[in-house]
Amino acid sequence: MEIQNKMEEAADLIVEAVKFAAVAGVNASEFGIRLSESLYLNIRDAMFHYKALCDQVRDGKEEDAWRHYFNLKEHLIRGEKDAIIVQVQAVSEAVFSIMEQAAFDDLFDSDDRKELQSRSHQVKDIILRVRIAGSDLPEEEFSVSELRTEVVSCTVKAAKICEEKNLSLWI
């Protein structure tokens, strides 16, 4: 596998990360939470590595080019994982705050309480899966995009349960 072939792949990875950031930003805005700055900073750092990758390929320094390619990939994975963790923590904290309210048992029936608890555990499980994976997320097990979709799904379901009780998940 030649490093020249990886230059185009690296550019595509950056474009996908920017698309991921755009979607993550829209979702965070809809939920009224802040998106992790780490996502943007890691995309920026990946772009610096891309420039260095291109420079090293141009100068015929293949070993250095490979180092920049792998650093670029690591930054993109780290940024996306950080974005997921920040949203998961916000959802988990919001659900916990709802459940701590004095009127919680009066407002929510048994099924709703179980559903909220289930969503809370589901998002906490996502944090564990992201952290256990380290800096590499094996494609065959799960992907960052799949985890992001799962977080958004949990968030929407928890918010809907609260809205049915005329409450906002984001107290």
Side-chain angles (χ1 to χ4, degrees), residues 1-96 118-159 169-170:
M1 167 170 39
E2 290 189 23
I3 190 65
Q4 288 87 357
N5 298 336
K6 291 298 185 180
M7 286 174 54
E8 187 172 330
E9 178 188 324
D12 290 341
L13 289 172
I14 292 171
V15 168
E16 289 304 311
V18 170
K19 289 178 186 177
F20 178 93
V23 171
V26 168
N27 287 331
S29 178
E30 285 178 14
F31 300 137
I33 58 177
R34 285 184 53 125
L35 191 60
S36 169
E37 293 87 8
S38 173
L39 175 60
Y40 302 116
L41 295 173
N42 276 293
I43 291 171
R44 179 206 61 194
D45 292 349
M47 289 191 291
F48 284 122
H49 283 290
Y50 182 74
K51 181 189 179 313
L53 165 68
C54 293
D55 291 345
Q56 298 303 323
V57 167
R58 181 196 65 223
D59 295 343
K61 298 179 179 175
E62 189 168 322
E63 186 175 317
D64 290 335
W66 278 108
R67 182 174 47 84
H68 287 292
Y69 170 76
F70 288 116
N71 286 334
L72 176 151
K73 286 184 71 170
E74 180 183 354
H75 277 291
L76 296 177
I77 290 170
R78 186 181 315 136
E80 291 174 351
K81 286 173 43 177
D82 288 350
I84 289 169
I85 288 171
V86 165
Q87 184 174 344
V88 164
Q89 288 173 331
V91 172
S92 180
E93 290 169 10
V95 169
F96 186 72
S118 173
R119 297 298 160 214
S120 178
H121 290 299
Q122 191 174 2
V123 293
K124 287 177 185 175
D125 181 59
I126 291 169
I127 289 178
L128 291 174
R129 289 168 38 205
V130 168
R131 289 189 172 155
I132 288 170
S135 65
D136 185 36
L137 292 176
E139 293 298 322
E140 58 276 1
E141 289 183 30
F142 56 88
S143 71
V144 172
S145 294
E146 288 170 359
L147 288 174
R148 179 84 185 139
T149 300
E150 194 174 334
V151 170
V152 169
S153 174
C154 285
T155 304
V156 168
K157 288 175 183 174
L169 178 62
W170 313 107

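Atoms considered below: every heavy atom in the structure, side chains included; atoms not considered: hydrogens, waters and symmetry mates.
Separating the OG atom in S120 from the CG atom in D125 is a distance of 11.0 Å, to the nearest 0.5 Å. To the nearest 0.5 Å, atoms SG (C154) and CD (Q122) are separated by 3.0 Å. One distance of note links OH of Y69 with NE2 of H49; it measures 13.5 Å at 0.5 Å rounding. Between the CD1 atom in I84 and the OG atom in S36 there is a gap of 10.5 Å [rounded to 0.5 Å]. The distance from the NE2 atom of H68 to the NZ atom of K61 is 9.5 Å, given to the nearest 0.5 Å. Separating the CD atom in Q89 from the NZ atom in K124 is a distance of 11.0 Å, to the nearest 0.5 Å.
A salt bridge links R129 with E150: the closest approach of a Lys/Arg side-chain nitrogen to an acidic carboxylate oxygen falls below 4.0 angstrom. Between D82 and R78 there is no salt bridge, since no side-chain N of the basic residue sits under 4.0 Å from a carboxylate O of the acidic one.
Contact check for I3 versus L53: side-chain heavy atoms found under the 4.5 Å cut-off. You'll find the side chain of L13 stays beyond 4.5 Å of the side chain of E16, heavy atoms only. Between F48 and L72 there is no side-chain heavy-atom pair separated by less than 4.5 Å. Side-chain contact between Q87 and I33 is present, with at least one heavy-atom pair separated by less than 4.5 Å. In this structure, the side chains of I14 and M47 come closer than 4.5 Å at one or more pairs of heavy atoms. For the pair L41 and R44, the minimum side-chain heavy-atom distance is below 4.5 Å. Using a 4.5 Å cut-off on side-chain heavy atoms (C-beta onward), K73 and E9 make contact.
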- request: Show the numbers, then the answer: is there a side-chain contact (heavy atoms from CB on, under 4.5 Å) between E80 and L39?
  value: CA-CA 6 Å; E80 291 174 351; L39 175 60; 4.1 Å; yes
field: CA sep, side-chain torsions, deciding dist, call: Q4, V57, side-chain contact (heavy atoms from CB on, under 4.5 Å)
entry: CA-CA 7 Å; Q4 288 87 357; V57 167; 3.9 Å; yes
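The local environment of CD in E8 is sparse, with at most 12 non-hydrogen atoms from other residues, nucleotides or ligands closer than 6.0 Å.
Each of N71, D45, I43, N42 was scored for a side-chain contact (heavy atoms from CB on, under 4.5 Å) with L76, with one residue passing: I43.
Legend: residues meeting ring pair (Phe, Tyr, Trp, His ring centres under 6.0 Å) with F70, ordered by chain and number and at least two apart, are W66.
In terms of modelled atom types and a separation under 3.5 Å, the side chain of T155 and the main chain of V151 share a donor-acceptor contact.
Taking each heavy atom of A21 and Y40 in turn, the nearest pair found is CB-CE2, 3.9 Å.
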